[in-house]
Amino acid sequence: MQSNQAVGNTSSLIEEIIDKSGQPIELCFQCQKCAAGCSMGRFTDYSPNQIIRLIQHGLIDKVLDSNMIWLCSSCEICGARCPNGINMAEVMDCLKAMAISKNIVSVKNVKKFHDSFLGSVKLNGRVHEATMMMTYKIKTMDLFSDIDLGMKMFVKGKLHILPKRTKDRARLSRVFTRTANKQK
Amino acid sequence: MEFSYYPGCSLESSAKEYNQSAMAVAKALGITLNEIEDWVCCGATSAHSTNHKLSYALPAINISLAQNAGNDIVVPCASCYSRLKKTDLLLRNNPEERKEIEDIADFNYEGKLEIVSVLELFAKKLPKEELKSKVKKNLSGLKLACYYGCLTVRPPEICFENPENPDSMDTVMKAIGAEPVRWSYKTECCGASLSLTATGTVNKMVARIVDMAAEAGANAIVTACPLCQMNLEVRRNESNSNMPVFYFTELIALALGIPECKDWFAKHIVDPRQLLKSLSLI
C-alpha cells in the first residue's frame, strides 16, 4: 500500500483503512467536493473530507466517535464526485465496522436499527417489516412514535401480521455463521 | 423478452403497489418476469453498514438462484438493485473475493447475467416506440417532478445513464403524455433508512425535496424506489404540500388503461385520487 505521506503510527492506521475499505484515501487533497454535495453535512459534526483529514492525522478516536459515520445515508454523492476516485461510502462502512469492533457506537439508534433489520433477515430470510419495527422500538424504548402511521399502513394492507419465510434456511444459516465476526 | 424478477422485501409489504404495477405493466408490454424462487433479502443498508461479507453473500444467493434459469435479473427496488449490481461487479472483477463469497454462499459464479433496474428495463431495454404505441390515455396536464434519489444513479459504475442529470424517467413520462418539470433535486437523498432512527433530520431533507418540486411547478412527484416513495409521503411534516408521490410504474399502468391502478392509488398514504380526478385521468 502506498501511504508514504504519513509518518509514525498514522501510517499504519491509514494503511489499515486503505486495506479494509479498498479506497485510496491517501490521495485526498481536501478539495471538499464531497463536503459541498454531502446530503447529511448540515446535520453532522464532521464533513467527509474532515473525516479523511482526521485519519491522516491519526486521530482515530475522534473519527470513531463522530456522528458522521452513522448518519451517513450512503447516498454516494461524495464518491461519485471525488476527483481522486475515493468511494467515501465504502470508507464510512469500514469505519462503522471498526467502531463496532471497538464497541464505540456514537449513534446507538442506528446500530440498533441495523441489528433489528438483520435479526429479521436471519430469522425469516426476508425482512418482516412489522416485527422488525417492533423489535427496533423495544430496543430503543421509543414505543409510541409512528403508531398512527403503523395503523394507517396496516389498514391499507401494507403491513402483514405473519412473515413470509424462505424455505432454504439451512443455506441462510450457513451464510450468517460463515460471515459472523468476519470483517474484511 | 423474458427475465428473472427479484421483488425484494418492501415490495411484499409497504410497497405492494410498486410490485403489482411493475408486474402488470411488464405483462401488458409483453415482457415476462419470473419471480426468483425462494429469494432472500439483499441485506440492504444494514448489511453493508455492519458486515462487509454478509452484504455480498446475501445478494450472491439470489444471483446463484437466478443462474439456473439463465435470464437477466430485473430489480424494482433501488436499494436491492444497488446491492445486487455491486455484488455482481465484485464477483466479476475480483477473483480473490469471488472465491471467498462463492465458498460462503455455496455456489459457482458464472458471470452470464446482467442486473437490470426496472426503470432501465422500461426506459432503455424496451424499444422506444413500443410503450408509446400502447398508450390508451395520455396523462396530459400531469406535471411531474421525476425523482431518482440515490441508488438508481450512483455510484456511476452501476448507473445506466448520467448520474448528475438522469433523464430516463423523464423520457418514459413524456412517452405516456405527462409533463416532466425541470428541477434541481432529482438526485438528492431522501434520508433513506434514517427515517426511523433520525426522523427529525429526515423530515428536513424530505420537506426540502417536496417544496422544491412544488416550486418547480409540479403537481406530483414520481419515484422508482420504495424507500424514497415512503419517506416522501410520510416524513413531510415540515412541508405544507399535499402533492402525491407515485411509482413511475403506476403512471404507466394508468396510461395503458390497466384497471387495477385504482386499487394501488387507494393504498397511498397521501391520496392521489383527487388530483387525478381533477385532471380527468380517473
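A note on names: the letters A, B, ... follow the listed sequences, proteins ahead of strands, and every chain is numbered from 1.
Heavy-atom pairs under 4.5 Å with chain A peak, among Gly8(B), Ser13(B), Cys41(B), at Ser13(B). Of the listed residues (Ile77(A), Val110(A), Leu149(A)), the greatest number of heavy-atom pairs within a distance under 4.5 Å of chain B belongs to Ile77(A). Of all the listed residues (Asp93(A), Val127(A), Asn124(A), Ile100(A)), the one sharing the greatest number of non-hydrogen pairs under 4.5 Å with chain B is Asp93(A). Contacts with chain B were tallied for Ala80(A), Gly125(A), Ala89(A), Cys75(A); Cys75(A) has the most, counting heavy-atom pairs under 4.5 Å. Looking only at heavy-atom pairs under 4.5 Å with chain A, the residue among Ala105(B), Ser14(B), Ala198(B) that has the most is Ser14(B). Interface remark: of the candidates Lys156(A), Arg126(A), Met153(A), His128(A), Arg126(A) forms the most heavy-atom pairs closer than 4.5 Å to chain B. Of the listed residues (Ala192(B), Ala266(B), Ser49(B), Ala57(B)), the greatest number of heavy-atom pairs within a distance under 4.5 Å of chain A belongs to Ser49(B). Highest contact tally toward chain B, considering only Glu129(A), Lys108(A), Lys96(A), Met92(A), is held by Glu129(A) [criterion: heavy-atom pairs under 4.5 Å]. Ranked by non-hydrogen atom pairs under 4.5 Å with chain A, the options Met205(B), Glu12(B), Lys204(B) are led by Glu12(B). Between chain A and the options Leu151(B), Leu58(B), Ile61(B), Val234(B), the largest number of non-hydrogen pairs under 4.5 Å is found for Ile61(B). Top candidate by heavy-atom pairs under 4.5 Å with chain A, chosen from Cys42(B), Ala60(B), Pro155(B), Cys159(B), is Pro155(B). Comparing Ser74(A), Ala130(A), Ser145(A), Ser120(A) by how many heavy-atom pairs each has under 4.5 Å with chain B, the most go to Ser74(A).
In this model, a donor atom of one side chain and an acceptor atom of the other lie less than 3.5 Å apart for Ser47(A) and Gln50(A). Between the side chains of Thr249(B) and Ser21(B), at least one donor N or O sits under 3.5 Å from an acceptor N or O.
When all heavy atoms of Glu35(B) and Trp39(B) are compared, the closest pair comes out as OE2-NE1, 2.9 Å. When all heavy atoms of Thr179(A) and Asn51(B) are compared, the closest pair comes out as O-ND2, 3.1 Å.
Under the 3.5 Å distance criterion, the side-chain polar atoms of Lys16(B) are matched with a main-chain donor or acceptor of Gly157(A). Remark: side-chain polar atoms of Glu233(B) are paired, donor with acceptor, to backbone N or O of Ile269(B) under 3.5 angstrom. Judged by distance alone, with hydrogens and angles left aside, the side-chain atoms of Gln229(B) form a donor-acceptor pair with the main-chain N or O of Val245(B) at under 3.5 Å. Not one N or O on the side chain of Asn19(B) forms a donor-acceptor pair closer than 3.5 Å with the backbone of Pro7(B). Using a distance-only test at 3.5 Å, with no hydrogens or angles considered, no donor-acceptor pair links the side chain of Ser46(B) to the main chain of Leu118(A).
For the pair Asp65(A) and Lys62(A), the salt-bridge criterion is not met [side-chain N within less than 4.0 Å of a carboxylate O]. By the 4.0 Å N-to-carboxylate-O rule, Glu164(B) lies close enough to Arg81(A) to be salt-bridged with it. By the 4.0 Å N-to-carboxylate-O rule, Lys99(B) lies close enough to Asp103(B) to be salt-bridged with it. Under the 4.0 Å criterion applied to side-chain N and carboxylate O atoms, Lys267(B) and Asp263(B) are not assigned as salt-bridge partners. Comment: Lys53(B) engages Glu97(B) in a salt bridge, judged by a side-chain N to carboxylate O separation of less than 4.0 angstrom. For the pair Glu17(B) and Lys158(A), the salt-bridge criterion is met [side-chain N within less than 4.0 Å of a carboxylate O].
Considering only heavy atoms from C-beta on, Thr87(B) stays 4.5 Å or farther from Tyr109(B) through its side chain.
Inspection of non-hydrogen atoms places no residue of residues 75-84 of chain B under 4.5 Å from chain A. The interface of residues 166-174 of chain A with chain B, defined by heavy-atom distances below 4.5 Å, comprises Thr166(A), Lys167(A), Asp168(A), Arg171(A), Leu172(A), Arg174(A).
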Intermediate values then yes/no, side chain to side chain donor-acceptor pair (under 3.5 Å), Asn49(A) and Gln30(A): CA-CA 6 Å; Asn49(A) 64 296; Gln30(A) 296 292 318; 2.9 Å; yes
Steps toward side-chain contact (heavy atoms from CB on, under 4.5 Å) verdict (Asp115(A), Lys139(A)): CA-CA 10 Å; Asp115(A) 290 344; Lys139(A) 275 181 195 279; 4.2 Å; yes
Worked check of side chain to side chain donor-acceptor pair (under 3.5 Å) between Thr140(A) and Asn109(A): CA-CA 7 Å; Thr140(A) 54; Asn109(A) 279 4; 5.2 Å; no
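Both the backbone and the side chain of Ser10(B) come within contact range of chain A, each with at least one heavy atom under 4.5 Å from a heavy atom of that chain. At a 4.5 Å heavy-atom cutoff, the contact between Val175(A) and chain B is made by backbone and side-chain atoms alike. Contact of Asp142(A) with chain B is not made at all, since no heavy-atom distance falls under 4.5 Å. For a residue to count as touching a neighbouring chain, one of its non-hydrogen atoms must lie under 4.5 Å from one of that chain's; by this rule Leu71(A) touches chain B with backbone and side chain alike. With a threshold of 4.5 angstrom between heavy atoms, Leu159(A) approaches chain B through its backbone and through its side chain. For a residue to count as touching a neighbouring chain, one of its non-hydrogen atoms must lie under 4.5 Å from one of that chain's; by this rule Ile69(A) does not touch chain B. Only the side chain of Leu194(B) comes within less than 4.5 Å of a heavy atom of chain A; its backbone N, CA, C and O stay farther away.
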